[in-house]
Structures are given as structure tokens and as C-alpha cells.
Participant: 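First the structure, which I've put down as C-alpha cells, then a few questions once you've had a look.
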Amino acid sequence: MIEQYLHGLKVPEDELTALERSRLLSEGKEVDRILCCIDSGETLAPLIGCTLTEYYFSSEKMCALEEYIYEKYHSDGAGISITLRGMAEAMGTKIKYSDYNIAQVETPAIKSLQEVNRLGLVDVDRDGRLPIILEGLRLVKKKLGDKVPVSGTVTGPFTIAAMLVGAETLLKGMMKHPDQVLQMMEIITENNNLYIQRLLDMGVGVGFADPMSSTSLLRVSQYEKFSLPFFQRNVNYIKNQGGGCGLHICGTSRKLWEKLISTGIGTFGPDNVEDMEEAKQVLGPYMCIQGNVPPVDVMRMGSPHDVLRSARECIRKAYDSPKGYVLTSGCQTPMNTPEENMMALMDAARIFGRYPINQELLWMED
């Protein structure tokens, strides 16, 4: 039945701008549909005809990509990520750039935790690509700030640590050299706050990406000692200045959810391996949840109808979450994702997420 419906589909047009929609939702007022965002970044650089290397080193191309996504899809947000390796690069890690693949660590800043004293504070106006990213955000804010909420993504402290010394050395170090790991985490946290301050001064939102803090890698006790306290200090830094922030953790995170409630974050995006119904039940009363259409199996490899079906399931499970719900993919949109699939994600919000929610459409048989 849903197949027949989708073949004759007429997608409703948006009635509000993304900024209007976000503002009204924050005030508890009625809007036309749920929020929906394309999870963009360097992987989508080919959409504007540039290589990833060109994107990484051009503020103008970073802005151009966000403009393209807004103009074509009317995504409900725009922003630029520091990328998982951006802060580590500014602190001394050597990065290998490729035209058609995401950047990778070539040489960690330090070879062992015994060298932790070599790490210091960054100059956000000079080190690594930080000034390029900040200028890109300034351009996005200028171009799109009156149309969509703009945010900058920061890397979680524990993930930065893995990029500074290598994941294997870090994981072993938690057992053999915990004091040095904690010393490194102190420096990282302060550097994050230096960068976060620039985002706050610019008036953009703050989001965190922290894949290394997943329970796919860490025991909960390790997370509590080596990751959570430092992430909390970054969150507190933002909250003390009247700001809010969100978090995304790749991989499994369910065992951490109750601990995240007390951090005071405003939004959490679980990976697609987690269930949005459970996220609504556990986290929904305390924060907005977002996600979690599978980025590879559905967004990259599926058809537009696959995207619509998966997005509909996410909406069905989470649209009534007490603190709000945002439809998006479970992680960053992969390279070579068909543009019609990204359009299908936005269309899903306009069809199945239109207020008042049409329960018949949500529960229509496949």
C-alpha cells in the first residue's frame, strides 16, 4: 500500500523557514513539520565540484557547500565541523589529505604517553586549519544566519586524545599510564574551550562528535574516568555563558544514556545501531533526540523509497518525544550518496512529519 502511495506522491511545500521553525519550536508553538537536517561535511564536497582536499583548505568552499545544501534541500540547519582530526592537527598531529577520501592521521603528535609534556595550548587564529574553519563558519553565519540555525561541531576530548597519541596507545595507556592520560585530557579540554569560545563569540551553536567514547570501545567505568569529566567541563563552559549544545556518539551508547542526562546537553543523536523508541523513553524527557536513518545501508546504498521507509520508521518512533525530535541520518552522510536520497530524507519530514501528524500515513502497510 505504501508503495502505491509513494508512486503518486505530491510532496507538500514548506510553509516556514528553518529559522522560523526552530524558533517556534523552542517557544512551544505550532509549526508546519518536524525538523530535518542533512548531516553534511567534507564527504559532500563533490556536490559543488571540488575535491575533499580543496574543501579542507577553503573557507569559501565550506560555505558554498552549506549554501548548496540549503538552496537545494532546505535543510533545517547549517554548519561546519572541526572534523575528528582538526584539533589534534592543531596540537601537532600530522594529517594525510586525499582528494577523494576523508583525511587520516599520518603521524600522531606524540609517540607515547611519556611525551605528554610536549603538548600545549593552541592558538586558534594560527594553528592547523582552525582559522580556516572559523572563517568558513563566519561566512556561513553571514550568508545563511537569517535563514537557518548555524552550528560548529567540536570533537569530544577523548576522541581528540586518540588522534594525538593513537587509539591503541591511548586504550593501553588507560591501564598502564592513567595519570599521563588524565594529564593529556586536561590540555585537550582547555584547547576545546579556547575553540568553543570563538564559536560562542560568533553566535553559532555547538555540537560534539565523540566516536571514541562509544561503548563499542570503552567500558562504562573507563568512560566515567577518562571521558565524561572532560566532556562535562566543555559542556559547563558553554552553559556558563548561556549556551547549549548537542552530542553524537557513533556505535553503541545505550549504557551511557543515563549518565548523559546529568550533563545538561540539549540534544543527543544516537547511531543507527540504537533504537529511537528506546531513546525517546530514556532521553526524551530530558533532551531533544535526533536520528537515525542508517547512513550507509539506506542513505548511500538504498533507493529513495528505502530512505522514505526508514525515515518514516524513525518518525513513527520518535516524533512525539517530549523534548523534541529531529530527523537526520545516524551519522555523517557518506560520499557518493545519491542526491535523490538526500531529497527523499527531506521529503519524509514534509510527508510523514507534517503537523498534525497523519497516523494513517505513519502506520500504512508496506
Side-chain angles (χ1 to χ4, degrees), residues 41 56-57 59 79-95 103-138 151-167 169-170 173-174 177-202 204-213 223 225-241 243 245-249 263 265:
Y56 281 126
F57 290 94
S59 306
I80 299 174
S81 172
I82 196 174
T83 72
L84 296 182
R85 299 155 191 85
M87 181 57 75
E89 181 182 37
M91 294 178 67
T93 290
K94 186 177 180 180
I95 302 298
Q104 301 291 330
V105 171
E106 184 170 299
T107 307
I110 56 176
K111 296 180 180 180
S112 76
L113 288 164
Q114 306 308 315
E115 300 177 343
V116 69
N117 287 330
R118 292 177 50 193
L119 300 174
L121 298 181
V122 299
D123 183 340
V124 296
D125 295 314
R126 300 184 62 181
D127 291 337
R129 294 186 306 110
L130 299 186
I132 297 173
I133 299 166
L134 287 171
E135 174 62 12
L137 274 169
R138 187 191 69 78
S151 63
T153 302
V154 180
T155 311
F158 191 76
T159 295
I160 296 173
M163 306 299 169
L164 284 173
V165 72
T169 301
L170 174 63
M174 292 188 297
H177 307 288
D179 289 343
Q180 284 85 354
V181 172
L182 293 173
Q183 181 182 350
M184 178 170 57
M185 296 303 298
E186 292 281 348
I187 300 168
I188 292 168
T189 303
E190 183 58 32
N191 279 332
N192 259 4
N193 282 342
L194 291 172
Y195 184 78
I196 287 167
Q197 185 61 58
R198 291 304 178 91
L199 301 183
L200 297 175
D201 291 343
M202 206 180 298
V204 303
V206 182
F208 288 87
D210 199 9
M212 288 296 295
S213 288
Y223 175 77
K225 180 174 181 178
F226 294 103
S227 179
L228 180 59
F230 304 97
F231 172 66
Q232 183 69 71
R233 280 165 54 181
N234 285 157
V235 173
N236 289 346
Y237 188 85
I238 297 166
K239 293 183 66 178
N240 288 342
Q241 298 188 59
C245 61
L247 170 66
H248 170 70
I249 295 179
T263 64
I265 59 175

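Only this structure's heavy atoms are used, side chains among them; waters, hydrogens and symmetry mates stay out.
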Participant: Taking C-beta and beyond as the side chain, do Gln114 and His177 meet within less than 4.5 Å on heavy atoms?
Facilitator: yes
Participant: Between atom CG of Leu200 and atom CE of Met202, what is the distance when rounded to the nearest 0.5 Å?
Facilitator: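 Answer for the CG-CE pair, Leu200 versus Met202, is 10.0 Å.
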Participant: Considering non-hydrogen atoms only, spot the tightest contact between Ala90 and Leu130 and give its length.
Facilitator: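 Looking at all heavy atoms of both residues, the shortest contact is CB-CD1, 3.7 Å.
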Participant: Mind checking whether Gln104 and Arg85 have side chains closer than 4.5 Å, heavy atoms only?
Facilitator: yes
Participant: Would a distance-only check, ignoring hydrogens and angles, find a side-chain to backbone donor-acceptor pair under 3.5 Å from Thr159 to Met212?
Facilitator: yes
Participant: Applying side chain to side chain contact (heavy atoms under 4.5 Å, CB included), can you list everything that pairs with Asn117, at least two apart in sequence or on another chain?
Facilitator: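 Expected list: Gln183.
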Participant: Applying side chain to side chain contact (heavy atoms under 4.5 Å, CB included) to Ile95 and Tyr56, what does each step give before you reach the verdict?
Facilitator: CA-CA 11 Å; Ile95 302 298; Tyr56 281 126; over 6 Å; no
Participant: Search all heavy atoms of Leu121 against all heavy atoms of Ile187 and return the closest pair with its distance.
Facilitator: CD2-O, 4.4 Å
Participant: Output, in order, the C-alpha distance, side-chain angles, deciding distance and verdict of side chain to side chain contact (heavy atoms under 4.5 Å, CB included) for His248 and Thr153.
Facilitator: CA-CA 10 Å; His248 170 70; Thr153 302; over 6 Å; no
Participant: List the atom of Ser227, the atom of Ser213, and the distance in Å for their closest heavy-atom pair.
Facilitator: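 Scanning both residues completely, I find the closest heavy atoms to be OG-OG, 2.7 Å.
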Participant: Return the minimal non-hydrogen interatomic distance between Lys111 and Glu115, and the atom names on each side.
Facilitator: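 The pair with the smallest heavy-atom distance is N-OE1, 2.8 Å.
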Participant: For Gly207, does its backbone N or O pair with a side-chain atom of Ser151 as donor and acceptor, under 3.5 Å?
Facilitator: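 Judged by distance alone, no pair lies under 3.5 Å.
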Participant: Measure the shortest side-chain to side-chain distance between Met184 and Leu113 over non-hydrogen atoms and say whether it is less than 4.5 angstrom.
Facilitator: yes
Participant: Between atom CD1 of Ile110 and atom OG1 of Thr169, what is the distance when rounded to the nearest 0.5 Å?
Facilitator: 8.5 Å
Participant: Are any non-hydrogen side-chain atoms of Phe230 and Leu182 less than 4.5 angstrom apart?
Facilitator: yes
Participant: CE of Met174 to CE of Met185: how many Å apart, nearest 0.5 Å?
Facilitator: 10.0 Å
Participant: Taking the side chain as everything from C-beta on, heavy atoms only, tell me whether Ile238 gets closer than 4.5 Å to Phe208.
Facilitator: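 Side-chain contact under 4.5 Å: yes.
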Participant: Can you check whether Ile160 reaches Asn191 side chain to side chain, under 4.5 Å on heavy atoms?
Facilitator: no
Participant: Tell me which one of Thr263, Asn192, Thr189 satisfies side chain to side chain donor-acceptor pair (under 3.5 Å) with Asn234.
Facilitator: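 The option that passes is Asn192.
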Participant: Could you state the interatomic distance from CD1 (Ile196) to CD (Glu190), rounded to the nearest 0.5 Å?
Facilitator: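 Result: 10.0 Å between the selected atoms.
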Participant: How long is the straight-line distance from CG of Asp125 back to CG of Leu134, given to the nearest 0.5 Å?
Facilitator: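 CG of Asp125 is found 7.5 Å from CG of Leu134.
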Participant: Closest heavy-atom contact between Leu119 and Met91?
Facilitator: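 Result for this residue pair: CD2-O, 4.1 Å.
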Participant: Checking side chain to side chain contact (heavy atoms under 4.5 Å, CB included) for the pair Thr155/Tyr195: CA distance, chi angles, key distance, verdict?
Facilitator: CA-CA 11 Å; Thr155 311; Tyr195 184 78; over 6 Å; no
Participant: Once ring pair (Phe, Tyr, Trp, His ring centres under 6.0 Å) is applied, do any residues pair with Phe158, and if so which ones, sequence neighbours excluded?
Facilitator: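 Once residues adjacent in sequence are excluded, Phe158 has no partner under the ring pair (Phe, Tyr, Trp, His ring centres under 6.0 Å) criterion.
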Participant: Once rounded to the nearest 0.5 Å, what's the spacing between atom CG of Leu194 and atom CG of Leu199?
Facilitator: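 Here the interatomic distance stands at 11.5 Å.
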Participant: Show your working on side chain to side chain contact (heavy atoms under 4.5 Å, CB included) between Thr107 and Thr93 and close with a plain yes or no.
Facilitator: CA-CA 6 Å; Thr107 307; Thr93 290; over 6 Å; no
Participant: Would you say the side chain of Arg198 lies within less than 4.5 Å of the side chain of Leu137, judging by non-hydrogen atoms?
Facilitator: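 Not touching, per the 4.5 Å side-chain cut-off.
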Participant: Would you check if Glu186 and Arg233 make a side-chain contact, meaning some heavy-atom pair closer than 4.5 Å?
Facilitator: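 Counting from C-beta outward, Glu186 and Arg233 do come under 4.5 Å.
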Participant: Do Asp201 and Gln197 have side-chain atoms, one donor and one acceptor, less than 3.5 Å apart?
Facilitator: yes
